[in-house]
Engineer: 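Provided herewith is a single structure, encoded as structure tokens, for subsequent inquiry.
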Amino acid sequence: MEKVDWPEPTASPDWAYLPTLVVQLISEKVKSIIDYVRFRAVCSPWRSSSLPKPTHLPPQLPWLMISYDSNPEDDGMRLFYDLWQSKMHKLHLPETIGKMCCSSCNGWLVVVAPVGKEVFLLNPLTRARIQLPPFSTPVKIFGVEQEECHSVDHYSYEPYVDDCMIKKLSFSTDLTDPNCLVIVFLQGMQEIFFCRVGDPCWTMVKMQEEFDATYHNGRFYFCSFEGAMRVYDLNNPEKRLLSVLPELQSVPKMFLEGKSGVYLIRFVVRNPETSTVAQDERHDPEHDTKYTVKPFAYKIELYQLLEQPFGLKHITDTTNTTIFYRGIFDCLTVCSDDWDSLDGGRMYMVHTGAFSAGKNNGGECNTVFSTKLDDGKLELVVSDFGEEPLWPAAPAMLFQPSFS
């Protein structure tokens, strides 16, 4: 038999010492923030060759921050459920012990101490913290001179009461901008409050019959159930615009902040008798009964708010838009073009309210449904995760992880 001369085995390449430029190019192809963290954890050379706070990452697919007991004796371990990896992330946030994480925006949580004596922003990934004015001090009133504030007794004192919490958080620009406005909406009170980082107190804008509000490009927008839209110019409090938009009359709706401006979501209730909806059968261990979670089916219409001339533009092509919804004040959108695994033209809805089977304290759990925007037919995605504790508790909320 003829002898074959095989080549000498060569040493395997040392992936740890790829050229820095190559490592940087590879890191810029990573889209998921979790994958990026894993990439930098491979070895020290890869970590030193990639940015700790990359700017190329697209807006991330949201997690659900699970509700927790807001008592001073808990361990500060907070749970975040990743819908796409079906995994629960645990983050130790001792800053939140005895306080409520009330809402989130662009990767930041707003954390409130009892009766509003301390308010701050917290990034759970970087642990960065930004102090905000407390709600235990008097506030300014938008459009009212400071010397006139004493005539409005209710607002010249503490506006934060026990049954109120921040239900919505928004930023006018990136937080690194010194002119960035931090805007919050308080549950149980028909006002919104805003401040700049470093301000000694909040400024209040009084709402009227409106149930939702937002801010964009120097203007506050308010919307009522009857379709009335009220607009305030921040730089000119006396300049107001009031318009009734027929498309918004007497239907559920809410604001949605997007890359290109302000949007409105309009919910059109389908006929419950003819709608096909996902059903999630549950068991109530206390009463040993079974029941079905069957939320309403909606057709969802998307509108863009136009400034000049003022009005609405119906967005008919939503193939690159995915909406995540947990409530009227907890909603965000992601461009589906950024994610191969994400279907456009859909809404993912987090529903809380079914007893968690097999749990000890009779709490509630979360269920996620999905629906196409144009037909309202619900499909069950995942159920029975993230048990909700009994009151008092910090609410569950959508959270979009970010290094910013």
Side-chain angles (χ1 to χ4, degrees), residues 33 52-55 57 59-60 62-68 70 74 76-80 89 91-137 139-140 159-160 164-187 189 191-205 213-216 220 234 255 257 326-327 329-332 393-404:
I33 199 166
K53 294 183 179 181
T55 57
L57 295 178
Q60 297 293 292
W63 300 346
L64 182 72
M65 183 178 183
I66 305 301
S67 179
Y68 65 92
S70 58
D74 78 318
M77 192 64 70
R78 305 296 173 235
L79 304 180
F80 296 80
H89 301 294
L91 298 179
H92 186 228
L93 303 176
E95 303 94 332
T96 65
I97 295 176
K99 304 177 180 69
M100 279 200 178
C101 297
C102 298
S103 185
S104 73
C105 180
N106 298 343
W108 292 84
L109 303 172
V110 59
V111 185
V112 182
V115 297
K117 291 184 177 180
E118 184 182 20
V119 183
F120 59 90
L121 301 174
L122 177 68
N123 186 318
L125 301 188
T126 66
R127 301 291 292 278
R129 176 170 168 164
I130 298 176
Q131 204 69 29
L132 299 176
F135 277 113
S136 55
T137 56
V139 301
K140 295 180 180 178
Y160 193 100
C164 285
M165 69 175 71
I166 293 172
K167 59 185 176 181
K168 187 175 181 180
L169 170 69
S170 182
F171 306 139
S172 63
T173 60
D174 189 273
L175 278 173
T176 58
D177 184 347
N179 292 315
C180 174
L181 292 181
V182 178
I183 305 156
V184 297
F185 307 75
L186 260 62
Q187 180 177 329
M189 302 177 72
E191 297 96 5
I192 65 174
F193 297 82
F194 68 89
C195 72
R196 292 179 174 85
V197 176
D199 281 356
C201 66
W202 295 90
T203 298
M204 183 207 73
V205 182
T214 191
Y215 174 90
H216 176 69
F220 288 104
L234 181 63
F255 285 113
E257 298 172 21
R326 194 188 173 276
F329 302 109
D330 191 7
C331 185
L332 56 89
M397 70 187 78
L398 294 173
F399 170 76
Q400 206 166 15
S402 172
F403 289 128
S404 62

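Just the heavy atoms: all of them, side chains too, but no hydrogens, waters or symmetry mates, feed the values below. Being a predicted model, the structure only gives us computed values, none of them experimental. Residue numbers count from 1 along this sequence.
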Engineer: Which atom pair, heavy atoms only, marks the closest approach of S402 to N106?
Structural biologist: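 What the structure gives for the nearest pair is CB-O, 3.7 Å.
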Engineer: Would a 4.5 Å heavy-atom cut-off, applied to side chains only, mark L234 and F220 as touching?
Structural biologist: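 Yes, close enough: below the 4.5 Å cut-off.
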Engineer: Once rounded to the nearest 0.5 Å, what's the spacing between atom SG of C102 and atom NZ of K168?
Structural biologist: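 NZ of K168 is found 15.5 Å from SG of C102.
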Engineer: Show the nearest heavy-atom pair for residues F194 and W202, with the distance to one decimal.
Structural biologist: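 Minimum heavy-atom separation between F194 and W202: C-CE3, 3.6 Å.
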Engineer: Take F171 and V182, measure what side-chain contact (heavy atoms from CB on, under 4.5 Å) needs, and give me the verdict at the end.
Structural biologist: CA-CA 5 Å; F171 306 139; V182 178; 4.1 Å; yes
Engineer: Would you say L109 and P124 make side-chain contact, with heavy atoms under 4.5 Å?
Structural biologist: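 They are in side-chain contact.
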Engineer: Show, in sequence, the C-alpha distance, side-chain angles and deciding distance for F185 and S103, and conclude whether the side-chain contact (heavy atoms from CB on, under 4.5 Å) test is met.
Structural biologist: CA-CA 10 Å; F185 307 75; S103 185; over 6 Å; no
Engineer: According to side chain to side chain contact (heavy atoms under 4.5 Å, CB included), who are the partners of T126, at least two apart in sequence or on a separate chain?
Structural biologist: K53, N123, A128, F403
Engineer: Should L186 and I166 count as side-chain neighbours, where that means a heavy-atom distance under 4.5 Å?
Structural biologist: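 The answer is yes; the side chains approach within 4.5 Å.
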Engineer: If you take all heavy atoms of T96 and C101, which pair is closest and at what distance?
Structural biologist: CG2-SG, 3.5 Å
Engineer: Calculate, to the nearest 0.5 Å, the distance between atoms CZ and OG belonging to F329 and S170 respectively.
Structural biologist: 13.0 Å
Engineer: Could you point out which residue of L169, I130, L122 forms a side chain to side chain contact (heavy atoms under 4.5 Å, CB included) with V110?
Structural biologist: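 So the option named by the test is L169.
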Engineer: Working to the nearest 0.5 angstrom, can you tell me the gap between K167 NZ and M397 CE?
Structural biologist: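 So the gap between those two atoms works out to 14.5 Å.
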Engineer: Applying salt bridge (charged side-chain N to carboxylate O under 4.0 Å, His left out), which residue pairs with at least one partner in residues 102-123 are found, sequence neighbours left out?
Structural biologist: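 Matches after skipping sequence neighbours: E118-R129.
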Engineer: Run the side-chain contact (heavy atoms from CB on, under 4.5 Å) test on R127 and L93 for me, step by step, so that the C-alpha distance in whole Å, both residues' side-chain angles and the decisive distance to 0.1 Å come before the verdict.
Structural biologist: CA-CA 8 Å; R127 301 291 292 278; L93 303 176; 3.9 Å; yes
Engineer: Do V184 and F135 come within less than 4.5 Å of each other through their side chains, counting heavy atoms only?
Structural biologist: yes
Engineer: Quick one: does D330's side chain have a donor or acceptor within less than 3.5 Å of a partner on G327's backbone?
Structural biologist: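 No, D330 side chain to G327 backbone: no donor-acceptor pair under 3.5 Å.
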Engineer: So how far is it from W108 CH2 to L125 CG, rounded to the nearest 0.5 Å?
Structural biologist: 10.5 Å
Engineer: Counting N and O atoms only, with roles assigned by atom type, does the side chain of S104 sit under 3.5 Å from a partner on the main chain of L398, one being a donor and the other an acceptor?
Structural biologist: yes
Engineer: Taking it one step at a time, do C180 and V197 satisfy side-chain contact (heavy atoms from CB on, under 4.5 Å)?
Structural biologist: CA-CA 8 Å; C180 174; V197 176; over 6 Å; no
Engineer: Got H89 and L79 here, is their nearest side-chain heavy-atom distance under 4.5 Å?
Structural biologist: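 H89 does not reach L79 side chain to side chain.
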Engineer: For P200 and P133, which heavy atoms make the closest approach, and how far apart are they?
Structural biologist: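 What the structure gives for the nearest pair is O-CB, 3.8 Å.
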Engineer: So, taking the atom named NZ in K99 and the one named CG in D74, what distance separates them when rounded to the nearest 0.5 Å?
Structural biologist: 10.5 Å
Engineer: So, for P54 and L57, which heavy atoms are closest and what is the spacing to 0.1 Å?
Structural biologist: CG-CD1, 3.7 Å
Engineer: Hey, could you give me the CZ/CE distance between R78 and M65, rounded to the nearest 0.5 Å?
Structural biologist: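 Answer for the CZ-CE pair, R78 versus M65, is 6.0 Å.
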Engineer: If you compare all heavy atoms of E95 against all heavy atoms of V111, which two are closest, and at what distance to 0.1 Å?
Structural biologist: O-CG1, 4.4 Å
